[in-house]
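Below is one structure, written out as structure tokens, with a few remarks after it.
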Amino acid sequence: MLWACILLPQLALDAVLRRLPDPSAPLALIGGPAQLRTLHAVNPAAAAAGLRAGMRLTAAHALLPDVAMVDHDPQAEACWQRFLAAWAYRHSSQVSAQWPGCIVLEVRASFGLLGPWPRIEARLREELDALGFTHRIAMAPTPRAARVLAGLRDGLAVVDPAALHDLLDRVPARRALLPDDAGERLHRMGLRELRAVRALPADSVRRRFGLLLLQHLDRLYGNADDPLAYYAPPDRFDSRIELECEVESHTALLFPLRRMIGDLCTCLSIRDGGVQRFVLRLEHEGTHTDVEVGLLAAEREPAMLFELTRGRLERVQLGRPVVAMRLLVRELPPFVPATRDLFEVRMHQALPWSQLRERLRARLGDTAVHRVAPTSDPRPERAWRRVEGAAACIGQAPVRPSRPLWLLPKPIPLRDARLRIVAGPERLESGWWDGDEARRDYYILETSQGQRAWAFAPPGEQGGWMLHGWFA
Amino acid sequence: MAGIAVLESLLATQTLWHAGRATAGTADGESTGHANLDVLLPQRGWPRRALTELLLPADGVGELSLLLPTLARFTRAGATVVLVAPPYLPYAPAWQAAGVDLLQLEVIDATPRDALWAFEQCLRSGACAAVVGWPLQADAAALRRLQVAADSGGCVGFALRDRSHADNPSPAALRLEYSRDGQRTGAWHVRKCRGGPVPAQAFAAGAW
């Protein structure tokens, strides 16, 4: 395995600078307790004026009165590190953001796809530049060595383990990222290079510096496995866009919506997942409107998701102006593409049924598309049920005398002077156990227009017909 | 002489239909499941990629029995059949008893205005083998759209409408009208069929 380490020396500062219109203006990140504010990081313009990290805020103000101040937020730093891990996940399946201020990724497995290391390195640098993050990149056979080399010199790449061995032996002990202050102590003892440290008897090193130092060296040289916490893409999606002005029409919301759906689909394809249920939140001043979108199966086709969301959005009455939009997905179920026959003859522009169904549901309502299934209840109004969503199988109805193809939602009186009884009666007596008792004599009747009606009368009578279905 | 030559070339390219001479129609229709009806129709079945219009005096005169053999065959073959805004509830036990695989039968509830849209979407999608609709507010232009949608979606469409529309022209490829004419059992009369002359005979909708 070959590991690349992307060191981000000024992650917190870059995260702030990339959203400023003029990054070249002097800027300082402020940290520390309220009584003792100190500079956490400064950009080049501020550094040119003499500002340094660790300097007191009052001193900085004295040197450069008009420096822009931004509060340093350690959480935002971790958040950006996760963002970059997600970005790196595109280039490798093994990405770790375990160590602060850097991203480690395995690259050998990606050679086949992305080309040899120089090409990958150029690509990483190009994308990081576009994202606006200062970086140093190094590659080595172990992740820890890559991390150490990235700290020593930008662009260092070692492939051969023996060469790595020689190189590491010459690394100053102070720069080898040894645990705690071991590096400094070793340096002061006169052990300037790792070669000298490794030459010491292991037992006495362990007694003086603890087991961690030996472990670190073993992992650094690749003598022991280095278990890393690998980055896994989050199983939710949350994106928010603040609109420039108050929006009161649907059409103005469509452009940001398309961008958010596009982001969602990128995220879905990285995760190889789909989306089945999500919320589009339209934020007003102080309140919000939720537009729920639910699909019957997981999907990730951007055009389709956009069209569906648009359909739902357009049915919403915008009572108040919208100031921001937020797309919230709480779960990203696995996406199973519909299987298609290679030789299947498909029409140009043909739409699979699942997509058509979602399109219909988006406009007609969530419950508009359904199937029917028989149940075993003898009462006709209960002998069927609606089935929504995917059903694996539908049971067989019990064998009964002839039943009509059309059923009326509710029996209605049948008034016809020239009714002719074709068949019947069929006595139905049921439901005494659930309070919805039915005692009816069903007949098949022919009306004067030639229709075949399925109607019932009270037991023993042949009049007062109630129409319950048509034999169509 | 020149005139005769032109006529012959027109006949040769089959752009002219010679009245009174039975053309050997291509039997590429979707069998109706009723042998007597198949014989009457020029394609020997429901026209594919087209809209068929059934004109009824009232609901429940046997319109579903006419369609069911075809619909049942489609569903058993694993193809989707859609009912768009049916006027009543399709009664599951009876449909199942008629041989329909209910897994493939989709029912769409819609208001009359949306029903027309849904009907067209289903016809056009190519996802359905057959679509049965009850377009209440359809005018000639809407039917024309449905006919084009059925053609582009490669779908067999059935529009069930009231008999009062029989006198209006329709773009449907096949029109059948149910009437009883005072007899005990009614019959389906072909009012229009693309690709051949209208047969004089009617199809008696067999015993119930």
Side-chain angles (χ1 to χ4, degrees), chain A residues 345-357 359-361 363-365 367-375 380-381 383-387 391-400 402-409 422-423 444 446-447 449-454 467-472, chain B residues 49 56-68 79-80 82-98 100-111 114-115 117-118 121-122 124-128 152-155 160 178-180 183-186 205 208:
Chain A
V345 185
R346 287 188 71 80
M347 241 83 58
H348 191 57
Q349 289 186 319
L351 199 64
W353 166 249
S354 58
Q355 287 195 18
L356 173 65
R357 181 181 57 192
R359 181 184 285 181
L360 294 168
R361 287 176 74 238
R363 169 142 168 193
L364 305 177
T367 57
V369 184
H370 62 96
R371 281 177 285 193
V372 290
T375 63
E381 58 272 27
W384 70 283
R385 65 191 167 90
R386 292 167 67 105
V387 181
C393 67
I394 283 179
Q396 196 72 33
V399 178
R400 296 224 165 85
S402 162
R403 289 282 181 262
L405 289 163
W406 285 142
L407 190 75
L408 270 63
V422 179
I444 300 174
E446 191 177 277
T447 69
Q449 277 186 297
Q451 298 156 287
R452 289 281 163 119
W454 198 49
L467 176 66
H468 207 174
W470 294 112
F471 288 87
Chain B
R49 312 175 65 94
L56 317 168
D59 290 321
V61 294
E63 68 275 18
L64 290 182
S65 312
L66 187 70
L67 301 181
L68 266 177
T80 306
V82 182
L83 305 181
V84 183
Y88 306 101
L89 305 172
Y91 191 48
W95 285 72
Q96 195 174 50
V100 174
D101 180 359
L102 292 175
L103 271 176
Q104 305 295 338
L105 182 74
E106 303 278 351
V107 185
I108 299 173
D109 300 332
T111 60
D114 282 337
W117 171 82
Q121 289 292 323
C122 292
R124 192 181 297 281
S125 70
C128 320
S152 56
C155 178
L160 277 63
Y178 181 87
S179 61
R180 293 224 303 167
Q183 302 146 13
R184 173 105 252 152
T185 56
W208 287 83

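By convention in this document, chain letters (A, B, ...) are assigned in the order of the sequence lines, proteins followed by strands, and residues within each chain are numbered from 1. Note that these values count all heavy atoms, side chains included, but never hydrogens, waters or copies made by symmetry.
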*So do Val61(B) and Gln449(A) actually touch side chain to side chain, heavy atoms under 4.5 Å?*
no
*If you measure from SG on Cys122(B) to CG on Leu360(A), what distance do you get to the nearest 0.5 Å?*
5.0 Å
*With a 4.5 angstrom heavy-atom cut-off, which part of Ala97(B) approaches chain A: side chain, backbone, both or neither?*
neither
*Tell me, side chain or backbone of Ser402(A) under 4.5 Å from chain B's heavy atoms, or both, or neither?*
neither
*Do you know which of Pro57(B), Pro86(B), Ala58(B) has the most heavy-atom pairs with chain A at a distance under 4.5 angstrom?*
Ala58(B)
*Contacting region of Pro380(A) [heavy-atom separation from chain B under 4.5 Å]*: both
*If you look at every heavy atom in Leu103(B) and Arg371(A), which pair is closest and at what distance?*
O-NH1, 2.8 Å
*asked:* Using every non-hydrogen atom in the two residues, find where Tyr88(B) and Leu408(A) come nearest and quote the distance to one decimal.
replied: CD2-CD1, 3.7 Å
*Among Leu64(B), Leu56(B), Leu67(B), which has the most heavy-atom pairs under 4.5 Å with chain A?*
Leu64(B)
_Among Ala115(B), Ala110(B), Pro90(B), which residue has the highest count of heavy-atom pairs closer than 4.5 Å to chain A?_
Pro90(B)
_Is Cys128(B) in contact with chain A via its backbone, its side chain, both, or neither, using a 4.5 Å heavy-atom distance?_
side chain
*What's the spacing between Arg357(A) CZ and Ile108(B) CD1 if we round to 0.5 Å?*
11.0 Å
_Residue Leu68(B) versus chain A: region with a heavy atom under 4.5 Å_ = side chain
*Measuring from Trp353(A):CH2 to Ser125(B):OG, what's the distance to the nearest 0.5 Å?*
7.5 Å
*At their closest point, which heavy atom of Ala118(B) faces which heavy atom of Leu364(A), and how far apart are they?*
CB-CD1, 4.1 Å
*Could you tell me whether the side chain of Gln96(B) and the main chain of Pro374(A) form a donor-acceptor pair under 3.5 Å?*
no
_Separation of Asp59(B) CG from Trp406(A) CH2 (nearest 0.5 Å)_ = 8.0 Å
*asked:* So for Arg386(A), is it side chain, backbone, both, or neither that comes closer than 4.5 Å to the heavy atoms of chain B?
replied: side chain
*asked:* If I compare all heavy atoms of Ala92(B) with all of Trp384(A), which pair ends up nearest, and what's the gap?
replied: CB-CB, 3.9 Å
*Specify the closest pair of heavy atoms between Arg403(A) and Ala94(B), including all atoms of both residues, with the distance to one decimal.*
O-CB, 3.4 Å
_For Ala373(A), which atoms come within 4.5 Å of any heavy atom of chain B: side chain, backbone, both, or neither?_
backbone
*Indicate yes or no for a side-chain donor-acceptor contact from Gln121(B) to the backbone of Leu356(A) under 3.5 Å, with no hydrogens or angles considered.*
no
